[in-house]
Every structure is written in structure tokens, then in C-alpha cells.
Amino acid sequence: MSMFRAKKLDIGCFVNIKTIRDHSKRKAFAAAEPERQALRYIIRNTTLPARTRAEAQLQLTQMHCYTRPTQIRGRCILGGKGRGILRDFKLSRYNFRMQALAGNIPGVRKASW
Amino acid sequence: MSGVPRARMLDLMKVQCQIFATTYNPDGIRMGNKVLRQRLRGPTLAKYYPPRGPSVNDLQRVRSRGKGAPKKKRTAPAAPEKKSK
């Protein structure tokens with residue numbers, strides 16, 4: 001959603017709408033995380049009255065979907081791809097291979113035995 | 001609890017909880033404290049994409065070197081001459 005998007009482009013990697021969207025989601029989640037955790041605490045606390053907990057459940061489900069951590073997806077910072085990402089390097093498998101063969105990733109070398 | 005009465009053990013637990021600032025919950029009731037114990041992972045998740053650095057073609061830099069586009073004229077341009085047939 002455009003209201004979560006930064007007014008000015010603020011990422012310095014491969015840019016397409018998918019990476020921008022994912023970045024907005026990450027920022028939205030970071031901003032809403034304390035609130036989400038508070039609601040989660042109320043929901044899981046069985047000593048609180050049932051009504052309070054049900055209200056908290058409703059509130060949590062009615063929060064914007066961009067504030068949900070499951071919306072966040074690892075994306076390749078060189079190609080924006082969303083599948084086959086090596087999380088440690090934030091790269092897709094093909095880009096990882098290219099970078100590794102070019103020697104751009106410290107400590108990574110092609111296995112040979 | 002080899003021979004130690006339960007009340008005494010509970011007292012011990014209470015003191016333990018006071019010392020280590022944990023919640024005294026001998027019955028194991030779910031109080032949602034594990035949610036409060038979790039760390040916030042928003043800041044690390046938000047740092048996934050590298051921030052945008054200053055670019056060479058920054059408009060400010062171009063302007064400072066006097067290479068920017070000329071300013072728009074405030075006054076109306078002189079009326080163009082009429083074409084004669």
C-alpha cells in the first residue's frame with residue numbers, strides 16, 4: 001500500500017516494485033511490532049478476562065496486513081527475486097553463484113575434492 | 001522433593017523469582033510472559049535492504065557545480081514576432 005511507502009526512494013540495491021513493497025512491509029512491521037506483541041501478550045494471558053482477550057484477538061486481526069511479519073519475504077538484493085534466496089547472503093542462488101565465482105563474497109569458494 | 005515439604009519449596013521458588021526478577025507461577029498457568037521475553041526483531045528485519053547512498057548524479061551536486069538546468073523565467077517571454085504570409 002502506498003501509504004507505507006517512503007516518499008523518497010530509500011533503498012540502494014536492485015529496485016523494482018517488489019523490493020520497494022517488501023521494504024515498506026518491513027518498516028511497517030518494525031513500527032507496529034510493540035503493539036502486536038502487546039496484543040499477543042493479552043491474547044495468551046489466560047488470567048485476563050475472556051472478553052479482553054477476544055477484543056485483543058479482534059484488534060490483532062484487524063491490523064493492516066503490512067504490519068504482519070508473515071508478509072515479509074527474503075528477496076535478492078541484486079535481482080529482486082523472491083525464490084531460491086540464500087538468507088545469509090541475501091542473494092538468489094544464481095546471483096550467489098555468479099558473485100561467488102567472481103570472488104566477491106569473502107570466504108566462499110567452489111568446493112572441490 | 002525428597003522429604004522437603006511443598007510449601008517450603010514454593011517459598012524457595014518465590015524468593016528465587018524475586019531475586020531473578022521472574023514471574024512467580026508455581027501452577028504453570030499460561031500468562032503470556034513468553035511473548036514479553038521475546039526480542040523485537042523489527043529493527044533487524046527493517047535493515048535487510050542496504051540504505052541508499054549519495055549518488056554521483058545528485059541534483060544538488062550538479063547544481064553546485066553550475067551544471068544544472070537554467071531556472072525557469074519569471075517574466076513572460078517577449079511576444080513572438082508575427083509571421084507574415
Side-chain angles (χ1 to χ4, degrees), chain A residues 4 6-16 18-48 52-53 56-57 60 66-80 82 85 87-91, chain B residues 1 5-72 74:
Chain A
F4 291 110
K7 296 286 169 284
K8 211 177 163 199
L9 187 67
D10 56 349
I11 48 176
C13 58
F14 181 88
V15 175
N16 64 8
K18 290 171 193 166
T19 53
I20 293 174
R21 203 174 283 149
D22 190 53
H23 184 58
S24 323
K25 285 174 182 175
R26 283 166 187 275
K27 283 196 298 186
F29 170 67
E33 196 182 10
E35 191 187 341
R36 291 190 72 91
Q37 289 294 75
L39 289 175
R40 267 159 47 82
Y41 166 70
I42 295 171
I43 292 167
R44 279 160 182 65
N45 194 341
T46 49
T47 59
L48 292 176
T52 318
R53 294 173 61 202
Q57 278 180 340
L60 189 64
Y66 268 38
T67 61
R68 221 168 273 163
T70 51
Q71 290 272 326
I72 294 170
R73 183 165 183 98
R75 288 204 158 265
C76 176
I77 57 171
L78 286 186
I85 304 299
R87 195 182 286 177
D88 291 348
F89 304 98
K90 303 179 188 175
L91 292 174
Chain B
M1 270 194 239
R6 179 165 164 77
R8 210 167 149 68
M9 287 303 287
L10 290 184
D11 277 351
L12 174 66
M13 267 173 76
K14 203 171 211 168
V15 174
Q16 208 175 18
C17 288
Q18 276 175 9
I19 291 171
F20 296 109
T22 52
T23 319
Y24 176 62
N25 183 11
D27 303 327
I29 299 167
R30 299 187 181 202
M31 304 216 280
N33 279 307
K34 73 170 189 181
V35 175
L36 299 186
R37 254 182 278 123
Q38 286 167 359
R39 291 184 193 170
L40 294 184
R41 54 211 184 94
T44 40
L45 284 177
K47 271 192 278 178
Y48 184 83
Y49 297 105
R52 195 160 181 237
S55 75
V56 180
N57 290 335
D58 238 345
L59 197 61
Q60 299 294 327
R61 188 176 298 190
V62 170
R63 286 235 174 102
S64 70
R65 289 175 56 218
K67 301 284 187 188
K71 269 190 181 172
K72 195 147 192 162
R74 281 281 179 181

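Chain letters run A, B, ... following the sequence lines, proteins first and then strands; every chain starts at 1.
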## Note on the structure
Of all heavy-atom pairs linking B:Pro43 and A:Ala30, the shortest is N-CB, 4.4 Å
### Query
So what's closer than 4.5 Å to chain B heavy atoms on A:Leu9: side chain, backbone, both or neither?
both
### Summary
To the nearest 0.5 Å, atom CZ of A:Arg40 lies from atom NZ of B:Lys34 at 8.0 Å
### Query
How long is the span from the CZ atom in A:Arg75 to the OH atom in B:Tyr49, to the nearest 0.5 Å?
6.0 Å
#### Entry: Atom pair CG/CE of A:Asn45 and B:Met31 - distance to nearest 0.5 Å
7.0 Å
### Task
Output yes when a side-chain donor or acceptor of A:Glu33 lies under 3.5 Å from a complementary backbone atom of B:Leu40, and no otherwise.
no
### Task
Kindly compute the distance separating CZ (B:Arg30) from CZ (A:Arg44), expressed to the nearest 0.5 Å.
10.0 Å
### Task
Pick whichever of A:Asp10, A:Ile77, A:Ile11, A:Thr19 has the most heavy-atom pairs under 4.5 Å with chain B.
A:Ile11
### Heavy-atom proximity to chain B below 4.5 Å, by part of A:Tyr41
both
### Query
Distance from A:Ile72 atom CD1 to B:Leu45 atom CG, nearest 0.5 Å?
4.5 Å
#### Entry: Choice from B:Arg41, B:Gln38, B:Lys47 maximising heavy atom contacts with chain A below 4.5 Å
B:Arg41
